[in-house]
Amino acid sequence: MTIDTVQQGQALCQALALGALFGLLYDLFRVLRVRVPLRWLGSVLDLLFWLCCTVTFFLWSVDSAGGLVRIYTAIAALMTMVNEFYANG
């Protein structure tokens, strides 16, 4: 069993891009939450956001790593999303 470092580097960069996409999606949902003053909308948007993120991350992991969720890619996506959130504050 060999470790392909180029493939892992590509997966890491893709995970960073996916995290940035998640951060932008969260910002779009935050705009909707502020613009539409419905109390129940916040819960619906949170559920929709996490559902979109979960499905997207699963489909990406199936495509890029044959269904394996590598811990460093999950952490990279999460850290980039958090960074995007705090950068746009």
Side-chain angles (χ1 to χ4, degrees):
M1 183 166 130
T2 62
I3 298 174
D4 187 9
T5 55
V6 173
Q7 185 181 13
Q8 287 187 356
Q10 288 174 343
L12 181 63
C13 290
Q14 290 172 355
L16 292 172
L18 195 59
L21 178 71
F22 291 162
L24 290 174
L25 182 64
Y26 185 81
D27 285 340
L28 289 174
F29 283 168
R30 186 168 39 175
V31 168
L32 280 175
R33 181 179 291 158
V34 170
R35 298 277 185 203
V36 181
L38 297 174
R39 177 174 285 196
W40 57 269
L41 187 63
S43 299
V44 171
L45 288 176
D46 284 344
L47 181 64
L48 184 62
F49 170 74
W50 285 111
L51 184 65
C52 288
C53 288
T54 303
V55 168
T56 304
F57 190 79
F58 173 75
L59 291 175
W60 171 77
S61 68
V62 166
D63 183 52
S64 70
L68 297 174
V69 177
R70 295 185 175 121
I71 192 70
Y72 70 90
T73 59
I75 290 171
L78 182 64
M79 287 178 58
T80 307
M81 185 182 74
V82 169
N83 185 35
E84 175 83 21
F85 175 73
Y86 284 116
N88 292 331

Shared hydrophobic cluster, Trp40 / Leu45 (ILVMFWY, side-chain heavy atoms < 4.5 Å): yes

So the ring pair (Phe, Tyr, Trp, His ring centres under 6.0 Å) pairs with at least one residue in residues 11-32 (sequence neighbours excluded) are Tyr26-Phe49, Tyr26-Phe85

Flag yes if Trp50 and Leu18 sit in one hydrophobic cluster, no otherwise; membership is Ile, Leu, Val, Met, Phe, Trp, Tyr, and two members link when side-chain heavy atoms are under 4.5 Å apart. yes

Nearest 0.5 angstrom please: Leu21 CG to Thr80 OG1, how far? 11.5 Å

Excluding Leu12, membership of its hydrophobic cluster (Ile, Leu, Val, Met, Phe, Trp, Tyr; side-chain heavy atoms within less than 4.5 Å) reads Tyr72

In terms of hydrophobic clustering (I, L, V, M, F, W, Y; side-chain heavy atoms under 4.5 Å; direct or indirect links), are Val34 and Val44 co-clustered? no

Strictly by salt bridge (charged side-chain N to carboxylate O under 4.0 Å, His left out), give each pair with a member in residues 40-57 just once, sequence neighbours left out. Arg33-Asp46

According to a hydrophobic-cluster definition based on side-chain heavy atoms being under 4.5 Å apart (Ile, Leu, Val, Met, Phe, Trp, Tyr only), do Ile75 and Leu16 belong together? no

Kindly compute the distance separating CG (Asp27) from CG (Leu24), expressed to the nearest 0.5 Å. 6.5 Å

Quick one: which residue pairs count as a salt bridge (charged side-chain N to carboxylate O under 4.0 Å, His left out) with a foot in residues 10-19, not counting sequence neighbours? none

Non-neighbouring partners of Val6 that pass side chain to side chain contact (heavy atoms under 4.5 Å, CB included), sequence neighbours left out: Asp4, Gln10

For residues 55-62, which side-chain N or O atoms pair as donor and acceptor with protein atoms under 3.5 Å away, sequence neighbours left out?
unit_1: Thr56; atom_1: OG1; unit_2: Cys52; atom_2: O; d: 2.7
unit_1: Trp60; atom_1: NE1; unit_2: Gln14; atom_2: OE1; d: 3.0
unit_1: Ser61; atom_1: OG; unit_2: Phe57; atom_2: O; d: 3.3
unit_1: Ser61; atom_1: OG; unit_2: Phe58; atom_2: O; d: 2.8

